[in-house]
Amino acid sequence: MSAAEGPLVVGVDTSTQSTKALVVDVATGRVVASGQAPHTVTSGAGRESDPRQWWDALTEALRQCGQAAHEAAAVSIGGQQHGLVTLDAHGEPVRPALLWNDVRSAPQSHRLTEELGGAKFWAERTGSVPAASFTVTKWAWLAEHEPEAVRATRAVRLPHDYLTERLTGQGTTDRGDVSGTGWWASGTEAYDEEILAHVGLDPALLPRVVRPGEVAGTVRGSHELPFSKGTLVACGTGDNAAAALGLGVRPGTPVMSLGTSGTVYAVSRRRPADPTGIVAGFADARGDWLPLACTLNCTLAVDRVATLLGLDREAVEPGDGVTLLPFLDGERTPNLPNASGLLHGLRHDTTGGQLLQAAYDGAVHSLLGALDSVVDEDADPSAPLLLIGGGARGTAWQRTVRRLSGRPVQVPEARELVALGAAAQAAGLLTGEDPAAVARRWDTAAGPVLEAVERDEETLARIAGVLSDAAPLLERGPDTA
């Protein structure tokens, strides 16, 4: 390891399919070591993962970091949002975690919305209308389908909370991640007792919400990780809030993240409350807000289409008549949890490359449809769209976003922005700085700006028309007679 100018911190990203760890120099933002290890996720009707795998993956990722991890003065964990982790009296998982993209709780989401005053009530109270991805709906599903698991539960955590607690021995969370549960009131910034009572969840089972900049705890003595006892642990946050920190974004700057799921968001000074359910009114990790729209089907769905066609993911061809809605896992935006993929406009001369391009178009259309609702009215509409996530460096993704948005696109060169945001949060504990200011000092958003091209209104209108016409079929789902 090269000599570092300042103290070292560790930033962690525990995502759907793997855990990544970065050791970062606080003075310069230079990544001096990194590691990564995979998780497994079930397929089929549910999406579940054993939380103990996350800990094992964290251990392995930090082992790969070598001596640098031993020298870290602080650590913070960013994690996949919404997951329901249920622990017994010994801190062991009662059952596998229900992940964000497990949409079996769609009936519970509809029922909860109606039982507690409708969409307007939820938007005003929690900032969001609970979709099937939200934790509160997963708890309701568990209570209905596995009441014995509920009875055995002595603590309820989110994925990043689980790892933080194993580090410190204390149950904590932060405002960014807890704002995606559906049981945290965004107006009062406290757990909502009415909602918790309605779903039968004792608030004593929930973690303490740590304030931005507050130390969540210190690394306890008995663990398998390379940290010294007493190493500072930040509160951590959800993956999108961590990525926003990692970019150091200022209010009004639009961000599109292309990962397993796709998101569009922007930091805002205003507390959001959208009764349509398109925008989730999340908090950020600093004290502002992070209005966000999420699609369940992004890079993973498009890659699946490429695999089915036997094509490389970049092997797209232009076409003007075929529409593919890649809702392979149901969908959240638009809210169609029972939907499956839909293909329209297939002809004898349609090529595989055109089908693949149609999958890209369908995925990006869903995200762009929510962008105007996410960004404040006074934001600059000509500002570059920050493109991040695993798909951001793909040429086909870049060209599709530019063509369908009509905006310039900036692709930050920094990778692993969730882990970098967590590292900036850990660095803030040591320096007293705003973590977003730390990231700006590290210049994490620097990258090429791709010029705007003319917006493809014809394709946007065609996809919107197919989506509208097919709505009854998509809402009904493939398994309904």
Side-chain angles (χ1 to χ4, degrees), residues 8-16 18-36 61 72 74-81 159-160 164 174-177 180 212-213 234-267 282-290 292 294 384-393 410-431 433-447:
L8 300 180
V9 293
V10 169
V12 175
D13 173 12
T14 180
S15 65
T16 312
S18 69
T19 289
K20 310 172 188 93
L22 304 180
V23 184
V24 180
D25 181 352
V26 172
T28 64
R30 183 171 62 90
V31 176
V32 301
S34 64
Q36 180 174 351
V75 57
S76 183
I77 295 174
Q80 54 176 309
Q81 291 184 260
H160 108 262
T164 301
D174 91 302
R175 70 192 296 270
D177 211 0
C235 58
T237 193
D239 50 6
N240 290 298
L245 283 184
L247 288 165
V249 292
R250 301 180 187 276
T253 301
V255 181
M256 178 182 289
S257 177
L258 304 173
T260 303
S261 64
T263 56
V264 287
Y265 58 82
V267 173
F282 296 151
D284 77 351
R286 297 173 53 256
D288 289 325
W289 301 93
L290 197 71
L292 177 148
C294 175
L385 178 62
L386 289 177
L387 196 64
I388 64 171
R393 287 173 172 76
Q410 182 171 2
V411 185
E413 292 177 355
R415 296 177 182 267
E416 309 301 349
L417 286 162
V418 173
L420 272 178
Q425 196 178 49
L429 292 184
L430 302 179
T431 66
E433 294 175 272
D434 175 348
V438 172
R440 288 193 289 271
R441 176 164 61 77
W442 291 348
D443 202 18
T444 53

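None of these values were measured; they are calculated from a predicted model.
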For [X], check side chain to side chain donor-acceptor pair (under 3.5 Å) against everything at least two apart and list the hits.
{"X": "Glu433", "result": "Thr431, Arg441"}
{"X": "Arg286", "result": "Asp288, Asp434"}
{"X": "Thr164", "result": "none"}
{"X": "Thr16", "result": "Trp100"}

Check [X] against [Y] and note the closest heavy-atom contact, atom names and distance.
{"X": "Ala422", "Y": "Gly78", "result": "CB-N, 3.9 Å"}
{"X": "Val411", "Y": "Ala392", "result": "CG1-O, 3.9 Å"}
{"X": "Ala414", "Y": "Arg393", "result": "O-NH2, 3.6 Å"}
{"X": "Pro212", "Y": "Gly287", "result": "CG-N, 4.3 Å"}

*Do any pairs count as a side-chain hydrogen bond (donor to acceptor under 3.5 Å, both in side chains) and have a residue in residues 416-428, sequence neighbours left out, and if so which ones?*
Ser76-Gln425
*Any chance you could lay out the side chain to side chain contact (heavy atoms under 4.5 Å, CB included) test for His160 and Asp174, step after step, and finish with the verdict?*
CA-CA 10 Å; His160 108 262; Asp174 91 302; 3.7 Å; yes
_Quick check for you: to the nearest 0.5 Å, what is the distance between Leu8 atom CG and Arg30 atom CZ?_
8.5 Å
*What distance do Asp284 atom CG and Thr237 atom OG1 have between them, rounded to the nearest 0.5 Å?*
8.0 Å
*Sequence neighbours excluded, which residues qualify as side-chain contact (heavy atoms from CB on, under 4.5 Å) partners of Ala283?*
Arg175, Ser179, Trp184, Trp289
_My understanding is that only residues two or more places apart in sequence, or in another chain, count here; which of them pass side-chain contact (heavy atoms from CB on, under 4.5 Å) with Ala423?_
Val9, Val24, Trp442
*Report the residues that fulfil salt bridge (charged side-chain N to carboxylate O under 4.0 Å, His left out) with Arg440, sequence neighbours left out, ordered by chain and then residue number.*
none
*Any side-chain heavy atom of Pro412 within less than 4.5 Å of one from Leu386?*
yes
Under 3.5 Å, sequence neighbours excluded: what are the donor-acceptor pairs made by side chains of residues 240-267?
from: Asn240; atom 1: OD1; to: Thr263; atom 2: OG1; distance (Å): 3.3
from: Asn240; atom 1: ND2; to: Gln81; atom 2: OE1; distance (Å): 2.8
from: Thr253; atom 1: OG1; to: Arg250; atom 2: O; distance (Å): 3.4
from: Thr260; atom 1: OG1; to: Gln17; atom 2: NE2; distance (Å): 3.3

